[in-house]
> 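Below you'll find the structure I mean.
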Amino acid sequence: SQQGEEDPQALSIQEGENATMNCSYKTSINNLQWYRQNSGRGLVHLILIRSNEREKHSGRLRVTLDTSKKSSSLLITASRAADTASYFCATDPDMNRDDKIIFGKGTRLHILP
Amino acid sequence: DTEVTQTPKHLVMGMTNKKSLKCEQHMGHRAMYWYKQKAKKPPELMFVYSYEKLSINESVPSRFSPECPNSSLLNLHLHALQPEDSALYLCASSQDDRPTYEQYFGPGTRLTVT
């Protein structure tokens, strides 16, 4: 079952600009993770944000979480060509009987030279 | 060593073949996962092993058979697959199966069923 829904589905920006991706989810969560996937490769974990946190930073990445709106955003500042990838949010639902994370549909980010 | 390795990288098999995908990690993780991913879609969970025991089977057809010989190894045995099973198969591991832990993914096996 789909829990997270990323927005936009695809995004193209110029190198050096900031990229913002959003993730909305349906039910209360314990935490939310963001992953990056380069074309045809495995996923790489970026950040985990817990339900009692509002913002986390890691290098050029900034993640926010608004539990009242059931949404999260991932901001990549000063984008580089190497940031071209698909980005997925993954949620741990509060009523998680199976202890599994649920991936959203993803945002495909393309950094233009 | 924070790497999950998968072999082979690519696999082409006929519908009557039997093949196996292999996954290995040496991070001491006690949970291992198989995901299936179609193009431009998110990964879909297939199986979870926790402490070498199968803890989740997402109603996967029996033509896919997982095996966890030890805490470092995970196999996926394939038999009588269908063309629609062609996909990227991803293995992942995490410290344990609680979703508070990040998952480490391998590079995947690109499977084509002819």
Side-chain angles (χ1 to χ4, degrees), chain A residues 1-6 8-11 21 23 25 27-53 56 58 61 63 85-110, chain B residues 2-7 9-10 21 23-25 27 29-51 53-59 86-112:
Chain A
S1 60
Q2 214 79 53
Q3 160 79 318
E5 184 99 13
E6 284 89 341
Q9 288 189 1
L11 177 63
M21 289 157 271
C23 170
Y25 53 91
T27 62
S28 298
I29 59 171
N30 295 313
N31 63 66
L32 183 146
Q33 302 180 50
W34 283 93
Y35 285 83
R36 183 188 76 230
Q37 184 178 32
N38 291 90
S39 181
R41 304 283 295 170
L43 282 73
V44 174
H45 181 265
L46 298 176
I47 286 184
L48 181 150
I49 187 165
R50 303 187 193 285
S51 59
N52 61 353
E53 297 174 311
K56 284 188 89 167
S58 176
L61 307 180
V63 167
S86 292
Y87 292 82
F88 295 94
C89 65
T91 53
D92 168 22
D94 198 10
M95 302 295 288
N96 194 350
R97 292 176 297 176
D98 295 328
D99 278 346
K100 61 188 182 188
I101 61 174
I102 302 174
F103 285 92
K105 293 180 181 178
T107 291
R108 294 190 306 281
L109 175 64
H110 186 206
Chain B
T2 58
E3 193 180 19
V4 176
T5 58
Q6 289 187 244
T7 55
K9 286 187 168 51
H10 301 275
L21 309 185
C23 174
E24 191 166 4
Q25 57 88 14
M27 293 178 277
H29 288 172
R30 304 316 300 264
M32 295 186 78
Y33 310 78
W34 280 116
Y35 288 89
K36 173 184 177 181
Q37 187 180 28
K38 293 281 208 177
K40 297 185 179 179
K41 297 289 187 183
E44 296 174 32
L45 184 64
M46 300 175 71
F47 303 103
V48 180
Y49 273 84
S50 178
Y51 293 84
K53 292 195 184 330
L54 183 64
S55 61
I56 295 177
N57 175 345
E58 290 286 275
S59 302
S86 298
L88 181 68
Y89 287 83
L90 294 164
C91 173
S93 70
S94 62
Q95 191 166 328
D96 71 29
D97 63 356
R98 283 174 288 172
T100 52
Y101 292 105
E102 66 181 275
Q103 295 184 19
Y104 291 77
F105 282 79
T109 293
R110 175 73 61 189
L111 174 67
T112 303

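Reminder, nothing fancy here: chain letters follow the sequence lines and each chain counts from 1. Values in this document were obtained by computation on a predicted structure and should not be read as measured data.
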> If you define the side chain from C-beta out and look only at heavy atoms, does anything of A:Ile102 sit under 4.5 Å from A:Thr91?
yes
> Any non-hydrogen side-chain atom of A:Trp34 less than 4.5 Å from a side-chain atom of A:Ile49?
no
> Can a donor-acceptor pair be found, under 3.5 Å and without considering hydrogens, that links the side chain of A:Tyr87 to the backbone of A:Glu6?
no
> Indicate the ring-plane relationship of A:Phe88 and A:Phe103, choosing parallel, tilted or perpendicular according to the 30° and 60° boundaries.
perpendicular
> Could you look at B:Tyr35 and say if it's the side chain, the backbone, both or neither that has a heavy atom under 4.5 Å from chain A?
side chain
> For A:Gln9, does the CD atom have more than 12 heavy-atom neighbours from other residues, nucleotides or ligands under 6.0 Å away?
no
> Mind listing the closest non-hydrogen atom pair of A:Thr107 and A:Pro8 along with its distance?
OG1-O, 2.5 Å
> Inspect the surroundings of NZ in B:Lys38 and state if more than 12 heavy atoms from other residues, nucleotides or ligands are less than 6.0 Å away.
yes
> If you take all heavy atoms of B:Met27 and B:Val4, which pair is closest and at what distance?
CE-CG2, 3.6 Å
> Under 4.5 Å from any heavy atom of chain A, what part of B:Gln6 do you find: side chain, backbone, both or neither?
neither
> Out of B:Glu44, B:Lys9, B:Glu58, B:Arg110, return the one with the most heavy atom pairs under 4.5 angstrom to chain A.
B:Glu58
> Taking every non-hydrogen pair under 4.5 Å, which of A:Leu43, A:Asn38, A:Val44 racks up the most with chain B?
A:Leu43
> Using a 4.5 Å heavy-atom cutoff, which residues in residues 86-95 of chain B come close to chain A?
B:Leu88, B:Leu90
> For A:Leu48, is it the side chain, the backbone, both or neither that has a heavy atom under 4.5 Å from a heavy atom of chain B?
side chain
> Kindly write out the residues that satisfy side chain to side chain contact (heavy atoms under 4.5 Å, CB included) with A:Arg108, not counting sequence neighbours, or none if the list is empty.
A:Ala10, A:Ser86, B:Lys40
> Under 4.5 Å from any heavy atom of chain B, what part of A:Gln37 do you find: side chain, backbone, both or neither?
side chain
> Looking at B:Arg98, B:Gln37, B:Lys41, which makes the most heavy-atom pairs under 4.5 Å with chain A?
B:Gln37
